[in-house]
Amino acid sequence: MALLLIFAGLVLLVVGGDALVRGAVNLSKRMGIPALIISLTIVAFGTSAPELLIAIQAALEGFPQLALGNIIGSNIANILLVLGVPALVFSISSHGTDTQIEFYLMILSTFTFIAFCFILPFGPMLGAILLLMMSGILVFTFRRAQKSTELAEALTEEVSEVEDATWKSILFLIGGLVALPLGAKFLVDGSIEIAERFGVSEAVIGLTIVAVGTSLPELATTVMAAYRRQADVAIGNVLGSNMFNLMVIGGVAALFGPIDVDPQFLRLDLWVMLGVSLLVIPYVFKHVSLNRIWGALFCIGYGLYLWVIL
């Protein structure tokens, strides 16, 4: 049954990822909004829904380390796996992308989260601050989107080339948002059932199996975005998901009560999360394409990280 859950989860993730990218890109064109803005909001939040559900469930059931490990591990996997694996198959060109502001916001979120982890206990007050910060980021993002709509007339020719009607784009978007969390839940439930038989600790489960499982929506979405040559969606999905994980999921988990941060997180994992976040600097600022060499290095780096913590 556990293996069947894993297989069903993978199928839902692939199908949902393709539907989400197709719907988001087409809808953004029809609305005159850059695909990057859509990927930073609807796509990023939709693909981060599994992390949010896991965090709430773990906090309610008294497994706070699982929630924090899921956040940290997911952000590490989002950079090394979610960008690395697609780059092995489809080189992700950064030419013409503009993600510098989003990168700054993601790094600000990362530094804030790390600082709060050292302020013990990691409780409701800090969680509320994280949620307020994310609200500010959302307001800023939507204001940028409103300004972008002024360019709608200039995008008339581009919109006319969109294959899907508006209602069909919305249907794809909703279908992707439903399929991705459901697929992740199936995969995580099956993986945890198998892992528990080997006596793996709560923190390690959160950093590895749960983190990878809940990052698969981002992976599926980014693979499809790379296949469709939508670099803005690929990088915007990762940056937006990382911000959402830190600000919203971290904030929600902290609202359920003080969390004693595992010393392992303070010694190693938080700093690995920061380090891998800085790896996208050449892509964002120098427009270096993520080719197969970069993809291989990212995947090898993630393998080494798993080897160290296991």
Side-chain angles (χ1 to χ4, degrees), residues 6-7 9-22 24-25 35-36 39 43-44 47-48 50-51 72-97 99 102-103 106 176 179-180 183-184 187-188 191 207-242 245 272-273 275-310:
I6 292 175
F7 177 76
L10 288 172
V11 172
L12 284 172
L13 289 171
V14 173
V15 174
D18 184 49
L20 191 64
V21 170
R22 183 173 177 177
V25 171
L36 175 62
S39 64
V43 177
T47 55
S48 290
E51 285 93 334
I72 299 168
S74 292
N75 277 26
I76 295 172
N78 279 352
I79 300 293
L80 296 180
L81 281 186
V82 173
L83 290 179
V85 171
L88 285 174
V89 184
F90 314 104
S91 180
I92 304 176
S93 174
S94 61
H95 180 72
T97 59
T99 55
E102 289 72 25
F103 173 78
M106 190 264 289
L180 288 172
L187 190 141
V188 170
S191 299
L207 286 168
T208 55
I209 295 177
V210 177
V212 173
T214 54
S215 289
L216 284 177
E218 286 91 341
L219 177 58
T221 301
T222 304
V223 167
M224 294 304 173
Y227 171 73
R228 295 179 181 274
R229 298 296 186 264
Q230 295 291 339
D232 276 354
V233 175
I235 189 64
N237 175 41
V238 170
L239 297 180
S241 294
N242 279 15
N245 289 345
V272 173
M273 180 180 68
V276 300
S277 298
L278 297 175
L279 289 178
V280 299
I281 288 179
Y283 182 94
V284 173
F285 293 96
K286 299 297 184 180
H287 299 292
V288 175
S289 296
L290 286 176
N291 53 28
R292 289 182 175 83
I293 295 178
W294 280 102
L297 291 175
F298 277 23
C299 292
I300 292 173
Y302 189 72
L304 290 175
Y305 168 70
L306 291 182
W307 179 77
V308 169
I309 64 175
L310 292 176

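Each residue takes its place number in the sequence, starting with 1.
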Checklist entry - Between Val272, Val85, Leu279, Asn75, which is the residue that forms a side-chain contact (heavy atoms from CB on, under 4.5 Å) with Leu80? => result Leu279
Next on the checklist: Run the side-chain contact (heavy atoms from CB on, under 4.5 Å) test against Leu12 and tell me which residues pass, sequence neighbours left out.
Outcome noted: Ala179, Leu182, Phe186
Using residues 295-308 as the side-chain source, report each donor-acceptor pair under 3.5 Å to any protein atom, sequence neighbours left out, with the distance given to one decimal.
from   : atom 1 : to     : atom 2 : distance (Å)
Tyr305 : OH     : Asp269 : OD1    : 2.7

Item to check | Closest heavy-atom pair and its distance - Leu239, Glu102 | outcome: CD1-CB, 3.8 Å
Item to check | From Met106 atom CE to Asn78 atom CG, the distance as rounded to the nearest 0.5 Å | outcome: 9.5 Å
Item to check | Reported CG-to-CG distance for the pair Leu83 and Leu219, which is rounded to 0.5 angstrom | outcome: 9.5 Å
Item to check | Nearest-0.5 Å distance, CG of residue Asn242 to CD1 of residue Ile79 | outcome: 5.0 Å
Item to check | Results of ring pair (Phe, Tyr, Trp, His ring centres under 6.0 Å) for Phe7 - residues two or more places apart only | outcome: none
Checklist entry - Does the Arg292 side chain pair with the main chain of Ala87, one donor and one acceptor, at a distance under 3.5 Å? => result no
Checklist entry - Hey, what do you get for CG (Leu207) to CE (Met273), rounding to the nearest 0.5 Å? => result 10.5 Å
Next on the checklist: Around atom CD1 of Ile293, are there more than 12 heavy atoms from other residues, nucleotides or ligands closer than 6.0 Å?
Outcome noted: no
Checklist outcome for this item: Rounding to 0.5 Å, atoms CZ (Phe103) and CZ (Phe285) come to a distance of 5.5 Å
